[in-house]
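Working notes for the structure below.
Remember, predicted model here, so these are calculated numbers, not experimental data. Just the heavy atoms: all of them, side chains too, but no hydrogens, waters or symmetry mates, feed the values below. Order of the sequence lines sets the chain letters (A, B, ...), proteins ahead of strands, with each chain counted from 1.
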Amino acid sequence: MIRLPSPGLWHDHNPPEYSPPVGCSALSDASRYQPQAIEERWQQHWQASAADHTPDPSQAGKTPFYALSMFPYPSGNLHMGHVRNYVITDVIARVQRMRGCNVLHPMGWDAFGLPAENAAIERGVDPGAWTDRNIAAMRAQLQRLGLSIDWSRELATCHSDYYRWTQWLFLQFFEAGLAYQKEATVNWDPIDQTVLANEQVDGEGRSWRSGALVEKRKLRQWFLKITAYADQLLDDLPRLEGWPERVRTMQANWIGRSTGAELEFTVVDGAGNDSAERITVFTTRPDTIFGASYVVLAPEHPLVASLTSADQQIAVEAFCDLVSRQSEQERTADDRPKRGVPIGAQVRNPATGELIPLWIADYVLADYGTGAVMGVPAHDQRDFVFARQYELPVRQVIIPEGSDEHAYEGGAWTEPGVLIHSGRFDGLSSTDAKAAITAAAEAEGWGRAKVTYRLRDWLISRQRYWGCPIPVIHCDSCGVVPVPDEQLPVELPRDVAFSGKGGSPLAQLESWWRVACPCCGQPARRETDTMDTFMCSSWYFLRYSDPHNTVLPFSREAVDSWLPVDQYVGGIEHAILHLLYSRFFTKVLRDRGLVGFDEPFSRLLTQGMVQGITYKNPHTGKYIPPAEVADPTDPRDPSTGDVLEVFYEKMSKSKYNGVDPAVVIDRYGADTARMFILFKAPPEKDLEWDDADVEGQFRFLQRIWRLVDGAHARGIRLGHPGNALDAGSLSPGDKELRRAVHTAITAVSEDLEGELQFNTAVSELMKLSNAMGEHLADASDPVACEALQTLLVLLAPFAPHLAEELWSRLATDSGPMVSVHRQAWPVADGSALVRDTVPLVIQVKGKVRGSLEVPADADRATLEQLALASEIAAKWLEGKAPSRVIVVPGKLVNLVP
RNA sequence: GGGGGCAUGGCGGAAUCGGUAGACGCAGCGGACUUAAAAUCCGCAGACGGCAACGUUGUGGGGGUUCAAGUCCCCCUGCUCCCACCA
């Protein structure tokens, strides 16, 4: 229980200096809503009683609820996207607390990453100190929002008491055989000078961070075997009912499971005899094997060199060279022509026994399936185009059901159908033939059923300094040796020179990497790569459950008591990367016995972007700061006079369309910012920032202030009214007000329970305040008291400072007062919702013709009679009896002539 | 090319199970208060016609189911997001 400052404090204190909100009179008025005068005071008060936001272990009987925002990178600047994210989560946390849950609502910092290192290179600052300064700055900005965060659990991934456990977990993966090194063609970012995971390269082959065109390099790198969990990650998606369909679909696409078969084509030697060499292809259409008229290898396929005939050698080498020099962009261009050359060898089609040529072509990818495909031009559009170009035979083996043949002018027939020219499989459907042919291949030793994934193993090593060191040691005699547990953490050295050249600073620091092998004691070399920052963020939500544990990353008991996260909130940009990696981590840790659940996030809300109004000169392509646009109704470039394009786009410095949260808070207060951002758009949709709307939101809070102020002046104080009110003795105005109050309770509760519709929840609060404006002055004291109390309690999660301030002003002078945030969430009184009469809509032939007021408890027959007797019926039926009457009690009567 | 989502006034957006379309807010208009303005309060407001009562029409377009469709079914168009020479 919290002791509030006495109500008198308000009158005593000196308001800090502030700029009055736009449109506010400069006149000082003691009863005016001045957020600048109250918000900081309450924040300090809440902070002093920190226990308020810390889940209470003594309340173990309460239902635990874990509300989590995706933690930010500490750039040093809070932007509106952060504000939206954390305010949404805060409202959820506050409501659950008022519902009686034991709520965990933590915050931390995703603090490794390149910006700190770049600052070190450019300005010579220490990345750790730079990061800590940013964290302090952002924490202060966050605290101005009035978030009910439990700061005692704060963590930063770059602090060794955290990354020690990232290293420990890495070694768990290593022990399980899920972390390994391999030589691979990987994505190299030439600007950031490091490798990237597939997930960090966009569709155009650009780095997610630097935007540079990614190069392919063959390097030895560390990987996590996420492909071993591909099936689970895919199959568990339908169970994530609290996730947006969109995110689940994106993950399913990314995993990209396809079911088919591997089929083997025996290589035939020059004399026409079968050799020992076989080419294995992957196909999803084993039913079309009888139509395979050639086989194609990727140019990078390992067998290309040995199988190429002498007379094709020059052509093949030239072609491979050409392909390898193509950039990622050229290879994925929209209208890619398919090119290839025969390599002068033949293979035997295992189904027909026929000899068919072996080609290489640029449309076959080395790293998908087996790097080889069978060419079935009649039933695959790519094969069709390729076959037409190089005059390879097109053999139809599938016909559309119910027809004799398919004309090939329009391209290949890729739909399922019925088999022809397929020997003993003729007449089978595609579906049956897939199974039958795969079974035959298996029995006869030329193939097997096979599942292939688009998902690749996760490349986690980075050649950068500011990351979590990979805790292994390379020894010439012992191989890769994990750093022993008692030597963790492997700390990042601080005395490092940042030149920005010559690769990772760690690799240049011999005193750091030269170590003795923990196994044999011989001179050995410490791994100098660090981990992808997504490693650090794949388990932080687990650490919050037990943030100060010094013997384990978290205890099983703590982690199982809080997780899975009940409500996770963050941006859609993590739909694949972070959310997939975290699911993978959780499943591995479950298999290691470290956690007792297999999905980390029960419900997920992906909030939309915050967009700012953007002015662009279509002729010069330049963005114009809004401040330079003189007349927004006729926006023109001040220097050229050109008419500007106006649109909303994600806020960014380069487009001059950003709004600084600090400026908004200075001017209107955090409560207005919170309310506006929740009200302006549904949480999943993009939000268009509009200063006029912010102004409107501020006016709403002012209205509430005046409403409560007026009631206070009338002598209304907090009391114990509510359900004990005797319905019979209430005046019509009282009844009306009570109905509004309890309707609001129902509506706001529903909006916050199911689909999390904060925008309509706020509009319900507005409706309630409108109704109170109408009835409060005449209401009897208990009803007015109930209305005020309910309004403030419902408002508390949204505008915590205002609600607390008004609550404290309504407190009686005697006895301790309990914070509005410690009040129980109200429950609607059904009897207050009951009405004596309800409007009944009269339709004639489905069209609304009017309505009449009828007793609420009237039965169907009565309603029909009332409708038929009404003037409306008389007018529209012209005296004729209707042929049919549909009665929907409580809603309408439809008269059909 | 494959898959997901969306389409409602001048604008952002509401609308449980199919049951009064446009809640709530912004912008706008009219009025009160004021010497005046701001703020505040009251009122109007989809479109078309009408002095009005009222009528017609209306949720991207076209069909359908139903007493009744923004909502369900089929076709089309546009926007948007994800994946993509993935065999």
### Summary
When both distances are under 3.5 Å in a Watson-Crick or G-U wobble arrangement, the nucleotide paired with rC11(B) is rG25(B)

### Message
Using a 4.0 Å heavy-atom cut-off, does Lys891(A) contact any base of the nucleic acid, only the sugar-phosphate backbone, or nothing at all?
### Response
sugar-phosphate

### Separation of Thr606(A) OG1 from Lys685(A) NZ (nearest 0.5 Å)
13.0 Å

### Given rC81(B), rA21(B), rG19(B), the nucleotide with the shortest approach to the side chain of Val848(A)
rA21(B)

### Query
What interatomic distance, in whole Å, is found between C1' of rG2(B) and the corresponding atom of rA84(B)?
8 Å

### Message
Under 4.0 Å, counting only non-hydrogen atoms across every strand here, what does Pro839(A) touch: a base, just sugar-phosphate, or nothing?
### Response
base

#### Entry: P gap between rG28(B) and rC67(B), integer Å
48 Å

### Where Ile289(A) and Ala351(A) come nearest, the two heavy atoms and their spacing
CG1-CB, 3.6 Å

### Summary
Considering only heavy side-chain atoms of Met766(A), the closest of rC85(B), rG55(B), rG25(B) is rG25(B)

### Task
Look at the side-chain N and O atoms of Asn770(A) and state whether any lies under 4.0 Å from the OP1 or OP2 oxygen of rG25(B).
yes

### Side chain of Val896(A) - closest among rC67(B), rG19(B), rC83(B)
rC67(B)

### Task
Using the C1' atoms only, state how far rA52(B) lies from rG19(B), rounded to an integer number of Å.
30 Å

### Task
Tell me whether rC48(B) sits syn or anti, counting syn as a glycosidic angle within 90° of 0.
anti

### Query
Contact class for Arg339(A) (heavy atom, under 4.0 Å): base, sugar-phosphate, or nothing?
nothing

### Whole-Å gap separating P (rC85(B)) and CG (Asp362(A))
12 Å

### Query
Out of rG25(B), rG55(B), rC67(B), which has the shortest distance to the side chain of Arg703(A)?
rG25(B)

### Message
Rounding to an integer number of angstrom, what distance separates rG78(B) and rG61(B) when you compare their P atoms?
### Response
15 Å

### Task
Kindly label the base of rG62(B) as syn or anti, based on whether its glycosidic torsion lies within 90° of 0.
anti

#### Entry: Considering all heavy atoms, the nearest Thr452(A)-Lys450(A) contact
OG1-CG, 4.0 Å

### Message
Between Thr249(A) and Thr283(A), which residue's closest nucleotide on RNA chain B lies nearer the 5′ terminus?
### Response
Thr249(A)

### Message
Any side-chain N or O of Gln757(A) below 4.0 angstrom from OP1/OP2 of rA15(B)?
### Response
yes

#### Entry: Nearest-Å distance once atom C1' is located in both rU66(B) and rC17(B)
15 Å

### Task
Return no unless some side-chain N or O of Arg382(A) is found under 4.0 Å from OP1 or OP2 of rA84(B).
no

### Query
Under 6.0 Å between the ring centres of Phe698(A) and Tyr33(A)?
yes

### Query
After noting the C-alpha distance and the side-chain angles of Trp689(A) and Tyr648(A), does the key distance pass the ring pair (Phe, Tyr, Trp, His ring centres under 6.0 Å) rule?
CA-CA 8 Å; Trp689(A) 189 273; Tyr648(A) 283 91; over 10 Å; no

### Query
Could you state the CD1-P distance from Ile572(A) to rU80(B), rounded to the nearest angstrom?
17 Å

### Task
Using only heavy-atom distances, determine whether the side chains of Gln697(A) and Tyr668(A) contain a donor-acceptor pair under 3.5 Å.
no

### Summary
Checking rC41(B), rU20(B), rC24(B) against the side chain of Val841(A) (C-beta onward), the nearest is rU20(B)

### Task
Could you tell me which nucleotide pairs with rG70(B) by Watson-Crick or G-U wobble geometry, both distances under 3.5 Å, or answer none if nothing does?
none

### Message
Taking only the P atom of each, what is the distance from rG55(B) to rC73(B) in whole angstrom?
### Response
33 Å

### Summary
Looking only at rC26(B), rA87(B), rU16(B), the nucleotide nearest the Arg699(A) side chain is rC26(B)

#### Entry: Lys685(A) side chain near rG13(B) phosphate (N/O to OP1/OP2, under 4.0 Å)
yes

### Distance test, side-chain N/O of Tyr363(A) to OP1/OP2 of rA87(B), below 4.0 Å
no

#### Entry: Whether Ser293(A) side chain and Pro393(A) backbone form a donor-acceptor pair below 3.5 Å
yes

### Message
If you go through the side-chain atoms of Lys845(A), does one of them form a donor-acceptor pair with the base of rC67(B) closer than 3.5 Å?
### Response
no

#### Entry: Gln843(A) (side chain) and rG19(B) (base): donor-acceptor pair under 3.5 Å
yes

### Query
Does Lys847(A) put a side-chain nitrogen or oxygen below 4.0 Å from OP1 or OP2 of rC67(B)?
no

### Summary
Taken to the nearest whole Å, CG/Asp693(A) to C1'/rG10(B) is 13 Å

### Task
With P as the reference atom in both, quote the distance from rG60(B) to rG9(B) in angstrom, rounded to an integer.
7 Å

### Query
Counting side-chain heavy atoms from C-beta on, which of rU20(B), rC26(B), rC85(B) comes nearest to Asp690(A)?
rC26(B)

### Query
Hey, does the side chain of Asn759(A) come within less than 4.0 Å of rA14(B)'s phosphate (OP1/OP2), counting only N and O?
yes

### Task
Mind checking Glu764(A) for me? I need base, sugar-phosphate or nothing, with any heavy atom below 4.0 Å counting as a touch.
nothing

### Task
Measure the distance from CG on Leu365(A) to P on rC86(B) and round it to the nearest whole Å.
7 Å

### Query
So what does Asp383(A) touch, heavy atoms closer than 4.0 Å: a base, only the sugar-phosphate, or nothing?
nothing

### Message
Could you tell me how far rG18(B) sits from rC54(B) if I compare only their C1' atoms? Round to whole Å.
### Response
28 Å

### Query
Within the pair Arg248(A) and rC82(B), is there a side-chain N or O less than 4.0 Å away from OP1 or OP2?
no

### Summary
Of the listed rA27(B), rG12(B), rG4(B), the closest approach to the Phe679(A) side chain comes from rG12(B)

### Message
Need one value for Gly369(A): base, sugar-phosphate or nothing, where a base atom within 4.0 Å counts as base even if backbone is also close, heavy atoms only.
### Response
nothing

### Query
For Tyr390(A) and rC85(B), what is the distance between atoms OH and C1' respectively, to the nearest whole Å?
14 Å

### Ser258(A) side chain near rA87(B) phosphate (N/O to OP1/OP2, under 4.0 Å)
yes

### Heavy-atom donor-acceptor pair, Gln251(A) side chain to Ala575(A) backbone, under 3.5 Å
yes

## Note on the structure
For rC51(B), the nucleotide meeting Watson-Crick or G-U wobble distances (both under 3.5 Å) is none

### Task
Write down the distance between CD (Glu684(A)) and C1' (rU80(B)), rounded to a whole number of angstrom.
15 Å

### Task
Check whether any side-chain N or O of Arg246(A) sits under 4.0 Å from OP1 or OP2 of rC82(B), and answer yes or no.
no

### Base of rC83(B) paired with side chain of Asn253(A) (donor-acceptor, under 3.5 Å)
no

### Query
What nucleotide among rA23(B), rC82(B), rC85(B) has an atom nearest to a side-chain atom of Met250(A)?
rC82(B)

### Query
Distance under 6.0 Å and angle within 45° of the ring axis: does Arg32(A) meet both against Trp705(A)?
no

### Query
Side chains of Asp383(A) and Tyr363(A): do they bring a donor and an acceptor to under 3.5 Å?
yes

### Query
From rU16(B), rG12(B), rA14(B), pick the nucleotide closest to the side chain of Glu688(A)?
rG12(B)

### Query
Phe700(A) CZ to rC41(B) P: how many Å, rounded?
12 Å

